[in-house]
Q: 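Got a structure for you, written out below as structure tokens; questions coming shortly.
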Amino acid sequence: MEGQTFERVILRRKNLRIPFPDCFVERLTGQQILHVNRRAKYLLIETLDEVLIWHLGMSGQVRIYKIDEQVEPIGKHDHVQFDLSSGATIVFTDPRRFGLMDLTKPKHLADHRLLKDIGPEPLGNTFSGPILAHRLKARRGPIKQVIMDGKVVAGVGNIYASESLYRAGISPKRSAATVQGGRAEKLVNAIQSVLGAAIEAGGSTLKDHRTTDGGLGYFQFSFAVYGRTGQACPDCDCDISLTKGIRHLEQGGRSTYYCPRKQR
DNA sequence: CTTTGGGCCTGGACGC
DNA sequence: TGCGTCCAGGCCCAAA
């Protein structure tokens, strides 16, 4: 995408999760793409004068049509289209509209309200056991909810929170402040290995997961605990008659799955 | 400052 | 078959 210009920008509605900014089309049209980056779950498309901040939400799909490739008829949930100078077309489809797009000036990017308080990238070199431990020290809430707080660490959503705690052997109910030392170290390793495996597998959440060329996603990433209430935990030969296997509970209105025997 | 709960939104699963 | 109801997700934001 780098080097290409937004030749035409088509908006088919005025908002997704939040309204599109005023003059969205005008501000982007004619801008040349300099860099494409990611921060937390935000895709950042930087041009000379603007940065497009783009979140796919949970049901958002990006479809990239190559030069001369036939663009499919406009669907009900096709909300935005970008025609690039190369002849490629990008279509953003988002049935649930939990996605969002915003624009900011490059020099204001770091101060943008959606980005300014985001914690360290879990796969970057600013994330480690001691750093996580420090961030958890004053937090009384359950560790599951606290690691889903983007200010603590970026981009650990509901499913990967459960999976990470499982790998780390930490109970989701444990007070976050008590996740220190070796436990924090273990949790960092778990988050990194879970995210790494999920990325390698090409994502894992929705069943209609798609690649940008429209192909079906492939889900090699299988959940150890998520959605597996009552099943035996794959790691410890859980005696289901004693532990009832994987358990489900609700924390902050979100589902949590864990093995009470392996996770303490 | 932290924590909690509401809100956004649709499709799919479910029961009648 | 066609309704109504519930649930799932990310994550911001107002209120406590």
Side-chain angles (χ1 to χ4, degrees), chain A residues 11-21 38-44 53-62 74-80 92-104 111-122 132-165 172-180 191 194-195 198-199 201-210 216-217 219 221 223 225-229 246 248-258:
Chain A
L11 266 195
R12 298 207 167 88
R13 49 180 301 124
K14 61 182 195 303
N15 68 291
L16 293 171
R17 188 155 71 81
I18 63 171
F20 287 93
R38 179 194 59 79
R39 178 77 175 100
K41 291 180 184 169
Y42 294 98
L43 186 58
L44 305 173
I53 299 169
W54 184 357
H55 197 299
L56 305 191
M58 61 173 292
S59 59
Q61 290 178 22
V62 179
I74 298 160
K76 183 179 169 188
H77 303 297
D78 295 346
H79 307 307
V80 188
F92 181 50
T93 305
D94 186 7
R96 297 190 194 175
R97 306 209 299 268
F98 271 22
L100 66 84
M101 287 187 191
D102 201 4
L103 292 176
T104 192
D111 303 320
H112 191 277
R113 66 183 181 91
L114 297 172
L115 302 172
K116 65 179 163 60
D117 292 323
I118 291 176
E121 286 295 327
L132 178 63
H134 181 72
R135 283 166 176 265
L136 296 179
K137 212 158 201 160
R139 302 295 294 259
R140 294 283 183 82
I143 185 64
K144 157 76 166 18
Q145 282 171 254
V146 175
I147 53 163
M148 285 175 63
D149 181 346
K151 293 174 193 149
V152 172
V153 55
V156 178
N158 192 49
I159 293 171
Y160 298 138
S162 278
E163 294 294 316
S164 298
L165 288 166
K173 294 187 277 192
R174 170 179 282 276
S175 169
T178 70
V179 178
Q180 297 290 317
I191 289 169
V194 164
L195 292 182
I199 290 167
S204 53
T205 54
L206 291 184
K207 295 201 171 104
D208 60 353
H209 178 73
R210 296 272 169 161
L216 266 180
F219 338 87
F221 187 86
F223 303 134
V225 290
Y226 190 85
R228 295 189 179 272
T229 310
I246 309 293
H248 173 264
L249 79 120
E250 190 165 300
Q251 294 179 295
R254 286 284 179 270
S255 276
T256 300
Y257 299 87
Y258 70 111

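Convention: sequence-line order gives letters A, B, ...; per-chain numbering from 1.
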Q: Counting only heavy atoms from other residues, nucleotides and ligands, does the tally under 6.0 Å from CZ of Arg140(A) exceed 12?
A: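 12 or below, so no.
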Q: Check the distance between dC11(C)'s C1' and Lys41(A)'s NZ and give it to me in whole angstrom.
A: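 After rounding, the reported distance stands at 9 Å.
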Q: Apply ring-ring contact (aromatic ring centres under 6.0 Å, His included) to His55(A) and list each qualifying residue two or more places apart in sequence or on a separate chain.
A: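 Per chain and number, His55(A) pairs via ring-ring contact (aromatic ring centres under 6.0 Å, His included) with Tyr42(A).
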Q: Could you work out, with side chain to side chain donor-acceptor pair (under 3.5 Å) as the rule, every residue matching Arg97(A), not counting sequence neighbours?
A: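 Partners of Arg97(A) by the side chain to side chain donor-acceptor pair (under 3.5 Å) criterion come out as none, since no residue qualifies.
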Q: Measure the distance from CE on Met101(A) to C1' on dC12(C) and round it to the nearest whole Å.
A: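 It works out to 18 Å between those atoms.
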Q: Taking atom C1' of dC11(C) as reference, at what distance in whole Å does atom CG of Leu115(A) sit?
A: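 Spelled out: CG on Leu115(A) to C1' on dC11(C) is 13 Å.
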Q: Please list every donor-acceptor pair under 3.5 Å in which a side-chain atom of residues 145-152 of chain A meets a protein atom from a residue at least two apart or in another chain.
A:
| residue | atom | partner | partner atom | Å |
| --- | --- | --- | --- | --- |
| Asp149(A) | OD1 | Lys151(A) | N | 2.9 |
| Asp149(A) | OD2 | Arg139(A) | NH1 | 3.3 |
| Asp149(A) | OD2 | Arg139(A) | NH2 | 3.1 |

Q: Can you list everything that forms a side chain to side chain donor-acceptor pair (under 3.5 Å) with Ser175(A)? Sequence neighbours excluded, please.
A: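 Result, side chain to side chain donor-acceptor pair (under 3.5 Å) vs Ser175(A): none returned.
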Q: If only side-chain N and O atoms of Tyr42(A) are considered, is one of them under 4.0 Å from the OP1 or OP2 phosphate oxygen of dC12(C)?
A: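 The answer is yes; a side-chain N or O of Tyr42(A) sits under 4.0 Å from OP1 or OP2.
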Q: With sequence neighbours excluded, what pairs up with Arg39(A) under the side chain to side chain donor-acceptor pair (under 3.5 Å) test?
A: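 Per chain and number, Arg39(A) pairs via side chain to side chain donor-acceptor pair (under 3.5 Å) with Glu121(A).
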Q: Could you state the atom-to-atom distance from NZ of Lys144(A) to C1' of dC11(C) in whole Å?
A: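 Atom NZ in Lys144(A) sits about 13 Å away from atom C1' in dC11(C).
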Q: Please write out the pairs of protein N or O atoms and N or O atoms of nucleotides 13-16 of chain C separated by less than 3.5 Å, giving the distance to one decimal.
A:
| residue | atom | partner | partner atom | Å |
| --- | --- | --- | --- | --- |
| dC13(C) | OP1 | Arg113(A) | NH1 | 2.2 |

Q: Any side-chain heavy-atom pair from Val80(A) and Leu11(A) closer than 4.5 angstrom?
A: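 Yes, side chains in contact.
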Q: To the nearest Å, how far apart are Tyr257(A) OH and dC7(C) P?
A: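 Distance, rounded to whole Å: 12 Å.
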Q: Apply the side chain to side chain contact (heavy atoms under 4.5 Å, CB included) test between Leu136(A) and each candidate in Val153(A), Thr178(A), Ile143(A); give the one that qualifies.
A: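 Result: among Val153(A), Thr178(A), Ile143(A), Ile143(A) is the only option passing the side chain to side chain contact (heavy atoms under 4.5 Å, CB included) with Leu136(A).
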Q: Under the 3.5 angstrom rule, does the side chain of His79(A) hit a backbone N or O of His77(A) as a donor-acceptor pair?
A: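 Yes; at least one donor-acceptor contact below 3.5 Å.
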Q: Collect all protein-nucleotide pairs involving nucleotides 2-5 of chain B in which both atoms are nitrogen or oxygen and the distance is under 3.5 Å.
A:
| residue | atom | partner | partner atom | Å |
| --- | --- | --- | --- | --- |
| dT3(B) | OP1 | Arg140(A) | N | 2.5 |
| dT3(B) | OP1 | Gly141(A) | N | 2.8 |
| dT3(B) | OP2 | Arg139(A) | NE | 2.3 |
| dT3(B) | OP2 | Arg139(A) | NH2 | 2.9 |

Q: Please report, rounded to the nearest Å, how far the P atom of dA8(C) is from the CE atom of Met148(A).
A: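 Going from Met148(A) (CE) to dA8(C) (P), I get 12 Å.
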Q: Taking only residues two or more places apart in sequence or in another chain, which ones pass side chain to side chain donor-acceptor pair (under 3.5 Å) with Lys41(A)?
A: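 With sequence neighbours excluded, Lys41(A) shows a side chain to side chain donor-acceptor pair (under 3.5 Å) to no residue whatsoever.
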Q: Ignoring hydrogens and angles, tell me if any N or O in the side chain of Arg174(A) forms a donor-acceptor pair with the backbone of Ala176(A) under 3.5 Å.
A: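 Pair absent, no side-chain N/O of Arg174(A) close to backbone of Ala176(A).
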Q: Can you list everything that forms a ring-ring contact (aromatic ring centres under 6.0 Å, His included) with Phe92(A)? Sequence neighbours excluded, please.
A: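 Trp54(A).
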Q: Apply ring-ring contact (aromatic ring centres under 6.0 Å, His included) to Tyr257(A) and list each qualifying residue two or more places apart in sequence or on a separate chain.
A: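 Only Tyr226(A), His248(A) meet the ring-ring contact (aromatic ring centres under 6.0 Å, His included) criterion with Tyr257(A).
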Q: Atom CD1 of Ile53(A) to atom P of dC12(C): distance rounded to whole Å?
A: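 For the pair Ile53(A) CD1 and dC12(C) P, the rounded distance is 12 Å.
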Q: Nucleotide by nucleotide, 5' to 3', does protein get under 4.0 Å of the base (B), only the sugar-phosphate (S), or neither (-) in nucleotides 7-13 of chain B, counting heavy atoms?
A: -BBBS--
Q: Return the angle between end axes of the helix from dT2(B)-dA16(C) to dC16(B)-dG2(C), with five pairs used per end and rounding to 10°.
A: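 The angle separating the two end axes equals 40°.
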